[in-house]
Enquirer: 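Below is a structure I'd like to ask you about.
Any value given below was found using the heavy atoms of this structure, including those in side chains, with hydrogens, waters and symmetry copies removed.
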Amino acid sequence: MREREVHGERIHQRVWELLPWYVNGSLAERERERVEAHLAACLRCQEEERTCRRTAQAMVAGGEVAPAPHPVQLQRMLARIEESE
């Protein structure tokens, strides 16, 4: 019986790790089917799937953000622009 519990926990952990990829649709068919089968019976993973979906929606809603240069890098770039003018 203990081996069965350990095996079940391993499957649960693997599915848990795959949930972000499941949500963004990038799993192979076999993995997707495995996740869906597990989700049908696991309330913890169902909740985590909802969390992943909310996170993905928030990322999309936030729009694309360009990284800002570090202030030191910005000053160096501006100095080079001034020198070249």
Side-chain angles (χ1 to χ4, degrees):
M1 184 71 174
R2 178 74 180 132
E3 287 180 36
R4 201 169 170 190
E5 288 175 16
V6 169
H7 178 70
E9 186 57 33
R10 273 192 243 135
I11 291 172
H12 172 81
Q13 183 62 37
R14 178 67 180 144
V15 168
W16 184 275
E17 293 168 357
L18 290 173
L19 285 173
W21 286 268
Y22 173 74
V23 166
N24 75 18
S26 63
L27 288 181
E29 183 177 353
R30 185 174 176 199
E31 288 179 317
R32 182 185 50 77
E33 290 170 352
R34 180 181 296 164
V35 169
E36 288 172 349
H38 181 79
L39 281 172
C42 182
L43 296 176
R44 284 174 36 202
C45 285
Q46 290 171 17
E47 179 58 34
E48 182 64 13
E49 179 201 9
R50 286 190 289 273
T51 299
C52 288
R53 289 195 186 281
R54 285 191 304 266
T55 301
Q57 290 169 349
M59 296 289 290
V60 170
E64 194 170 318
V65 178
H70 187 278
V72 172
Q73 292 172 323
L74 179 60
Q75 290 303 315
R76 288 178 185 157
M77 182 179 64
L78 292 173
R80 280 185 276 173
I81 291 171
E82 284 184 28
E83 287 175 10
S84 68
E85 292 178 341

Enquirer: Trp21: which residues meet the ring-ring contact (aromatic ring centres under 6.0 Å, His included) condition with it, sequence neighbours left out?
Expert: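 Counting only residues at least two positions away or on another chain, Trp21 forms no ring-ring contact (aromatic ring centres under 6.0 Å, His included).
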Enquirer: Roughly how far apart are Trp16 CH2 and His38 NE2, rounded to 0.5 Å?
Expert: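 If we round to the nearest 0.5 Å, Trp16:CH2 and His38:NE2 are 9.0 Å apart.
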Enquirer: Taking atom CZ as the centre, does Arg54 end up with more than 12 heavy-atom neighbours from other residues, nucleotides or ligands that are less than 6.0 angstrom away?
Expert: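 More than 12 within 6.0 Å, yes.
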Enquirer: CZ of Arg32 to CG of Leu39: how many Å apart, nearest 0.5 Å?
Expert: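 Taking CZ in Arg32 and CG in Leu39, the distance rounds to 11.5 Å.
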Enquirer: Find the distance between CG (Leu18) and SG (Cys45) and round it off to the nearest 0.5 Å.
Expert: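 Output value for this atom pair is 10.0 Å.
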Enquirer: Flag yes if Val23 and Met59 sit in one hydrophobic cluster, no otherwise; membership is Ile, Leu, Val, Met, Phe, Trp, Tyr, and two members link when side-chain heavy atoms are under 4.5 Å apart.
Expert: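 Cluster IDs for Val23 and Met59 differ.
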Enquirer: Is it the case that atom CZ in Arg50 sees more than 12 heavy atoms from other parts of the structure closer than 6.0 Å?
Expert: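 Above 12, so yes.
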Enquirer: Arg30: what forms a side chain to side chain donor-acceptor pair (under 3.5 Å) with it, not counting sequence neighbours?
Expert: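 Arg30: no side chain to side chain donor-acceptor pair (under 3.5 Å) contacts found.
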Enquirer: Would Glu29 and Glu33 count as a side-chain contact (heavy atoms from CB on, under 4.5 Å) if you check the C-alpha gap in whole Å, the side-chain angles of each, and the deciding distance to 0.1 Å?
Expert: CA-CA 6 Å; Glu29 183 177 353; Glu33 290 170 352; 3.1 Å; yes
Enquirer: Quick check: closest heavy atoms across Ala41 and Gln46, and the distance to 0.1 Å?
Expert: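 The answer is N-NE2, 4.3 Å.
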Enquirer: For Arg53, check side chain to side chain donor-acceptor pair (under 3.5 Å) against everything at least two apart and list the hits.
Expert: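 Side chain to side chain donor-acceptor pair (under 3.5 Å) list for Arg53, sorted by chain: Glu49.
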Enquirer: What distance separates Glu47 CD from Leu19 CG, expressed to the nearest 0.5 Å?
Expert: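 Output value for this atom pair is 11.5 Å.
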Enquirer: CZ/Arg34 to CG/Leu27 distance, rounded to the nearest 0.5 angstrom?
Expert: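 CG of Leu27 is found 10.5 Å from CZ of Arg34.
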Enquirer: Consider only side-chain N and O atoms of Gln13 and Glu17, and report whether a donor and an acceptor are under 3.5 Å apart.
Expert: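 Gln13 vs Glu17: donor-acceptor pair found between side chains.
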Enquirer: Which distance, rounded to the nearest 0.5 Å, do you find between the NE2 of His70 and the CE of Met77?
Expert: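 Answer rounded to 0.5 Å: 13.5 Å.
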Enquirer: Can you tell me if Tyr22 and Glu36 form a side-chain donor-acceptor pair at under 3.5 Å?
Expert: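 Per modelled atom types, Tyr22 and Glu36 side chains form a pair under 3.5 Å.
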